[in-house]
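Here's the structure we're looking at; comments come further down.
In each ligand, atom 1 is the first atom listed, and ligand 1 is the first ligand listed.
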Amino acid sequence: MKIERVDLQRIKIPLTAPFVTSMGLETHKECILVRAYSGTHVGFGESVAMDVPVYNEEDVDTVWYMLEKYLIPQLFSREIEHPDEVSQIFSWMRRNQMAKSALEGAVWDLYAKMNGMSLSRALGGTRTTIDVGVSIGIEPTIEKLLARVDSFIRDGYKKIKVKIKPGFDVEPIRAIRHTFGPDVPLMADANSAYTLADIDMLKQLDDFGLIMIEQPLGHDDIIDHATLQRELKTPICLDESIHTVEDARKAIELGSCRIINIKIGRVGGLTDARKLHDLCAAKGVPVWCGGMQEVGIGRAHNIAIASLANFTIPGDTSPSHRYFTEDVVTPMIDFVSPGVLAVPTGAGIGYTINEAAILRALVQHKSYFANQESTTTVIPNW
Ligand SMILES: O=C(O)CCC(=O)c1ccccc1C(=O)O
Ligand SMILES: [Mg+2]
């Protein structure tokens, strides 16, 4: 296939509730949607970079810049047989995994649509449904947190993940266990808020039977995590520290974690996400699909990758209504039964794009053509 045109659309949508983590506060979702065109087919991708570089080094503007300056022109210049080639084509560029992934994901959807198969099938997925959990931000009080946990348990979520930070860690976890009992599948995500100096507090978390503790230490660390894992019964799951398949190999070899959270954007795209999944399967390390509060396109990509066999732990891919009142796909992504999403069987991502919703959220649109000048529209809607 030859990519003849790419559109970038920057959108901004309010979140139904503010999301607080040890990294800061989010009230809106801002991201870039990518469309890749070949013949009569269009593939869709989504950049998961946040509006500020607090999770990784990228933000919405750096993604746009890297796509426009390097990645889009590079795809225009060649014939592609299979989307697996895209990550190889982009491999000369260091990092910028989310920028690469946004375009690579659009090419994967395009390829699946051109071949009349679902994205899940194109990736080798075997599950027809996936179990999902919920990621709850830091609430102003333990009482408010308990109320949220209660409503998510009632909704049937298969895993409850709570964000922790220094000063809001042991007590909220103790309160959840005390109120809801030992059987609730519970985990904590620290987003790198601790160091080895906090080891006594982290060891206290061992008493609560957590499924795992996600990314307790430095975003760029795998050494101290190995030290910590030797001291903890609870499995450590790495998120921020794993950007590549090689990172995962080294972390597993060092014993830095026993579980890995795979985010397609963080690892540079679907091809590398699948390779990381395969490596973990070979090493006996379970994986689950993380989330970046994606709108429907990125969410659909997450569902497709989570249909692979070694995604044995419920992921963070909650239904659309947990974040937004309106999504960019229609109908909104929702449970088929409590805590369970269906893996679409239609071509590509398998959801219909809600063009009207995108127009309502649109901030900037630019079309790039293989053989023509590009055109930009800036929409001053905020
Ligand atoms: O609901 C989701 O999409 C997951 C939300 C989440 O936990 C998260 C959101 C933004 C950045 C990092 C993380 C994380 O998993 O650490
Ligand atoms: Mg995380």
Between Q372 and R5: side-chain donor-acceptor atoms closer than 3.5 Å: no
Salt bridge flag under 4.0 Å for residues R10 and D61: yes
salt_bridge(K159, D131) N-O dist < 4.0 Å: no
Side chains of Y194 and D169, donor plus acceptor under 3.5 Å: yes
Top protein contact for atom 16 (O) of ligand 1, by heavy-atom distance: N191 ND2, 2.7 Å
Check: N191/T21 side-chain N/O donor and acceptor closer than 3.5 Å: no
Option set Q293, K263, R266, E214, criterion heavy-atom distance to atom 14 (C) of ligand 1, minimum: K263
Closest approach to the Mg ion (ligand 2) by D189, given as the N, O or S atom name: OD2
Basic-acidic side-chain contact under 4.0 Å: R35, E355: yes
K161/D189 salt bridge by N-O under 4.0 Å criterion: yes
Nearest-neighbour protein heavy atom for atom 4 (C) of ligand 1, which is reported as residue plus atom name and distance: G291 O, 3.4 Å
Closest to atom 2 (C) of ligand 1 (judged by heavy-atom distance), picking from Y323, F19, Y55: Y323
E214: its N/O/S atom lying closest to the Mg ion (ligand 2) (atom name): OE2
Nearest non-hydrogen protein atom, atom 5 (C) of ligand 1: S135 OG, 3.6 Å
Those atoms of ligand 1 less than 4.0 Å from some heavy atom in K161: 7 (O), 14 (C), 15 (O)
Ligand 1 N/O within reach of D239 N/O, cut-off under 3.5 Å: yes
Contact atoms of ligand 1, heavy-atom distance to K163 under 4.0 Å: 6 (C), 7 (O), 8 (C), 13 (C), 14 (C), 15 (O), 16 (O)
Carboxylate-amine/guanidinium contact D207 R174, below 4.0 Å: no
D239 N/O/S atom closer than 2.8 Å to the Mg ion (ligand 2): yes
Min heavy-atom dist Q215 to ligand 1 below 4.0 Å: no
K366 with E68: basic N within carboxylate O range, under 4.0 Å: yes
Atom 11 (C) of ligand 1: nearest protein contact (heavy atom, Å): M292 SD, 3.5 Å
Polar contact flag for D189 and ligand 1 (N/O pairs, less than 3.5 Å): yes
